[in-house]
Structures are given as structure tokens and as C-alpha cells.
Amino acid sequence: MPELPEVETTRRGVAPFLSGRTIETLVVREPRLRWPVDPAWSENLAGRRIQSVDRRAKYLLIDVDGAHLIWHLGMSGSLRVITDGRAPDKHDHIDLVVDTGHCLRFNDPRRFGFLLFTQAPLAKHPRLMGLGPEPLSEAFNGELLYRRSRGRRTSVKGFVMDSATVVGVGNIYASEALFLAGIHPRRPAGRISRARYAALADAIKTTLAAAIEQGGTTLRDFSDSDGRPGYFSQSLSVYDRAATPCPHCASLIRREVIAQRATYFCPRCQR
DNA sequence: AGACAGACCTGTGAGC
DNA sequence: TGCTCACAGGTCTGTC
């Protein structure tokens, strides 16, 4: 599920249950995530106080007295707060138990997600170095896209999905933002004007901000929630809408593989 | 440096 | 019902 809006929604949902709490244990039922989880971290974590729950790109960052947990949801991961002590389900790989008796429970069928523990400064962490700006920050704008794209021959879709360009633009929102900006996803990144990149930066911000807002309404209850909500599909213009009419011109939406991923666009509105 | 293919792993839905 | 296949929201690594 997780693109940036889902990760941010998760952060907002779980932070109130964690901030200020003291960690009791880390329960590792399945250490084989993308990178192995070391159950011995539990001893080091026990007694540490959770100072904050932040996000950088699609990484959740939990500050535990100066050390850090870095949590990534991968393709199929989710986090929720368990307050009723219920037994874990299938694929509930990890619990972070705090002193209220609640726990943050990680479920991930595909195990592409990961949890890292580090006592080194986050700024030097290899997973976080080299990341581009946050899409909703002022540092991200059309001028940045324009400058970084000069000489690049890769598709604009691949370019905006590259975390060195800007973080948090995943496959769904890349298609959506390019549609909103009227740019063909296969167009070479280096051959797009300043003005069009200004429109694309705006479209990325608009699309992500709207999705976060919806996440806030559809995913509000992060404790004990059972069902995972659908994917805001009602508000998507082109993603997963192949062969249905474009909302602007009624041409049929196309699906093609671009930048090695399924890509949806209107062949008439996007040039 | 930049571009691409392949890798990780399980679940789901389509088609037979 | 049960098999096989294609495909799925991310990102790292290796190779040219």
C-alpha cells in the first residue's frame, strides 16, 4: 500500500500512542525482512523513551533517546497500534511494546519492508543519504526539477520516481501527477521546459497533499483497526483505469510499462 | 554517471 | 476445485 501519503497517515495515526512512552520490548516473530532484524535489539531498546515519530521520504523515524528506529513498509507492510492485547495474525512479524501495554504491530505479507536500529547520527545513515527534497517542502519546485533534469534522457516518469530527484513519488502518484500536469510519462526528462516543470511540481504537491487529506479521513483510526481501507481509488484519475474514459477528454486511458512499472495516461491530454 | 534488468516474497485474480 | 500464470503500491544491487 504505502506511498508517501500512506506513510504520513500512518505516522500521524500511531504517533499519539508512542510519543513519550517507554519501550518495554521488541518482539520479533519473523526476523527475515528485507534485512534481518536482530532480536537482540530488544535489550538495547528496553527502557528507552520515544521522543518523536517523524518521517523522511517513506521512512518512519522513531527517535528513542538519541538512537533511532528506521521503519519502512515496503510494498505490502502496515503498522497499527494494538491496545487490546489481541493475538498476532499471520504476517504480524514484529511488535514494539511500550509501557502502556499497547504495541505497535508490523504486518507485511511480502516482507519487502524492514526495520533498522542505529545509534549513529541519522544524517549519516546510508539509507537516508542522497535523498532528494521532500515533495511538500519549499525546497521542491519546478526550478529544481528543471535543473536536475538537464541532459537526462530517461523518461520523466522515471526521473520523478527517482528518490535522488524528489522523494515520495511512487508509482501511483507519478501517473496521477503527470496526468494533472498534462505531460506524457515517456517524454525524456531533459526535454521538458521550465514552465512545464513548474506545473509538474505543483501537480505533485497537489496530488500528494490531497491523498494525505483523504488518508486522514479514511485511515483515521489506527488503533485496533481491522480492515485495511481501499486505495482511494475513487479519487484517482488514471491509475488502474486502463480503457476507461479520460475525465477530461473521454479518450481511453492507456496502460504501458514505463520505467519498468505499469503506467497510466491519457494519450490525448498528455504530450 | 546514468540507465536498465533482476532481485527480494507472498497473495490475488484471471483463465483454463 | 485446482492448477498455472501474470501482476502488485518499493528500493537495492549488479552490469553495461
Side-chain angles (χ1 to χ4, degrees), chain A residues 1-11 29-37 55-61 70-79 89-94 106-116 125-132 135 147-179 185-191 204 207-208 210-212 214-215 218-219 227-243 255-264:
Chain A
M1 326 203 153
E3 292 212 31
L4 183 142
E6 290 73 18
V7 178
E8 176 60 20
T9 302
T10 296
R11 188 193 69 76
R29 292 182 207 87
E30 173 56 88
R32 295 174 304 165
L33 301 185
R34 172 151 197 177
W35 291 295
V37 176
R55 179 189 58 75
R56 173 76 172 105
K58 294 170 188 166
Y59 301 96
L60 278 175
L61 307 173
I70 302 174
W71 222 318
H72 196 289
L73 304 180
M75 290 274 260
S76 58
S78 62
L79 284 164
D89 283 333
K90 197 175 183 188
H91 305 308
D92 279 346
H93 305 313
I94 296 177
F106 179 63
N107 179 285
D108 186 5
R110 288 173 77 180
R111 290 193 277 121
F112 283 7
F114 59 82
L115 175 64
L116 301 171
H125 198 281
R127 296 278 75 74
L128 303 177
M129 284 195 318
L131 292 177
R147 274 189 286 107
R148 294 201 178 178
S149 63
R150 292 310 90 183
R152 297 287 297 273
R153 300 196 305 193
T154 192
S155 67
V156 61
K157 193 211 180 200
F159 174 66
V160 297
M161 287 182 66
D162 181 349
S163 65
T165 304
V166 55
V167 301
V169 182
N171 199 40
I172 293 178
Y173 296 111
S175 278
E176 292 295 305
L178 286 164
F179 172 74
R186 210 183 280 283
R187 178 169 285 275
R191 293 188 50 248
I204 288 170
T207 306
L208 292 177
I212 289 170
Q214 287 190 51
T218 60
L219 293 176
R228 300 301 300 169
Y231 218 23
F232 321 133
S233 50
Q234 70 283 5
S235 62
L236 297 175
S237 297
V238 292
Y239 186 82
D240 206 20
R241 293 248 184 284
R255 176 193 186 280
E256 290 182 16
V257 174
I258 303 175
Q260 304 188 86
R261 309 292 294 277
T263 306
Y264 300 84

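Heavy atoms only: backbone and side chains are in, while hydrogens, waters and symmetry mates are out. Naming: A, B, ... by sequence-line order, numbering from 1 per chain. No experiment lies behind these values; they were computed from the predicted model shown.
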- Only counting residues at least two apart or in another chain, list the ones meeting salt bridge (charged side-chain N to carboxylate O under 4.0 Å, His left out) with A:Glu256. A:Arg186, A:Arg254

- Task: Name all residues meeting the salt bridge (charged side-chain N to carboxylate O under 4.0 Å, His left out) criterion together with A:Arg32; count only those two or more places apart in sequence or in a different chain, and write none if there are none.
- Result: A:Glu30

Please give, in whole Å, the distance from [N] [atom2] to [X] [atom1]?
X: A:Glu6; N: C:dA8; atom1: CD; atom2: P; answer: 17 Å
X: A:Arg153; N: C:dC16; atom1: CZ; atom2: P; answer: 19 Å
X: A:Leu73; N: C:dG10; atom1: CG; atom2: P; answer: 11 Å
X: A:Trp35; N: C:dT11; atom1: CH2; atom2: C1'; answer: 7 Å
X: A:His93; N: B:dG11; atom1: NE2; atom2: C1'; answer: 12 Å
X: A:Phe159; N: B:dA1; atom1: CZ; atom2: P; answer: 17 Å
X: A:Phe114; N: C:dC12; atom1: CZ; atom2: P; answer: 6 Å
X: A:Leu33; N: C:dC12; atom1: CG; atom2: C1'; answer: 15 Å

With respect to the phosphate group of [N], does any side-chain polar atom (N or O) of [X] fall under 4.0 Å of OP1 or OP2?
X: A:Arg255; N: C:dA8; result: yes
X: A:Arg127; N: C:dC12; result: yes
X: A:Lys90; N: B:dT10; result: no

- Query: How are the rings of A:Tyr59 and A:Phe114 set relative to one another: parallel (under 30°), tilted (30 to 60°) or perpendicular (over 60°)?
  - Reply: tilted

Would you say the side chain of [Y] lies within less than 4.5 Å of the side chain of [X], judging by non-hydrogen atoms?
X: A:Leu61; Y: A:Leu128; answer: yes
X: A:Leu73; Y: A:Asp108; answer: no
X: A:Arg241; Y: A:Phe179; answer: no
X: A:Lys58; Y: A:Val167; answer: no
X: A:Arg55; Y: A:Leu4; answer: yes
X: A:Glu6; Y: A:Ile172; answer: no

Give each protein N/O atom lying under 3.5 Å from an N/O atom of nucleotides 6-9 of chain B, with the pair distance.
unit_1, atom_1, unit_2, atom_2, d
B:dC9, O4', A:Arg110, O, 3.4
B:dC9, O3', A:Arg111, NH2, 2.8
B:dC9, O2, A:Arg110, NE, 3.1

- Message: Distance check, P atoms only: C:dC3 and B:dC9, in whole angstrom units.
- Response: 24 Å

- Query: Say you pick atom P in C:dA6 and the same atom in B:dG6; how far apart are they, in whole Å?
  - Reply: 14 Å

Any idea which of [options] is nearest the [X] side chain?
X: A:Lys58; options: C:dT11, B:dA3, C:dC7; answer: C:dT11
X: A:Arg261; options: C:dG10, C:dC12, C:dA8; answer: C:dG10
X: A:His72; options: C:dT11, C:dA8, B:dG2; answer: C:dT11
X: A:His91; options: B:dG11, C:dT11, C:dC7; answer: B:dG11

- Residues of residues 162-171 of chain A with a heavy atom under 4.0 Å from any atom of DNA chain C, listed by number, are A:Gly170, A:Asn171

- Item | Partners meeting ring-ring contact (aromatic ring centres under 6.0 Å, His included) with A:Phe112 (sequence neighbours left out) | none

- Message: The test is side chain to side chain contact (heavy atoms under 4.5 Å, CB included); show your working for A:Ile94 and A:Leu33 and say whether it passes.
- Response: CA-CA 10 Å; A:Ile94 296 177; A:Leu33 301 185; 3.8 Å; yes

- How far does CE of A:Met75 sit from CZ of A:Arg111, to the nearest 0.5 angstrom? 15.0 Å

- Message: With side chain to side chain contact (heavy atoms under 4.5 Å, CB included) as the criterion, how do A:Leu116 and A:His125 come out once you've worked through the C-alpha distance, each side chain's angles and the decisive distance to 0.1 Å?
- Response: CA-CA 10 Å; A:Leu116 301 171; A:His125 198 281; 3.7 Å; yes

- Duplex segments of DNA chain B, taken as runs of at least three Watson-Crick or G-U pairs that stay under 3.5 Å: B:2-8 with C:10-16, B:10-16 with C:2-8

- Task: Could you tell me whether A:Ala259 contacts a base, only the sugar-phosphate backbone, or nothing, with contacts defined as non-hydrogen atoms closer than 4.0 Å?
- Result: nothing

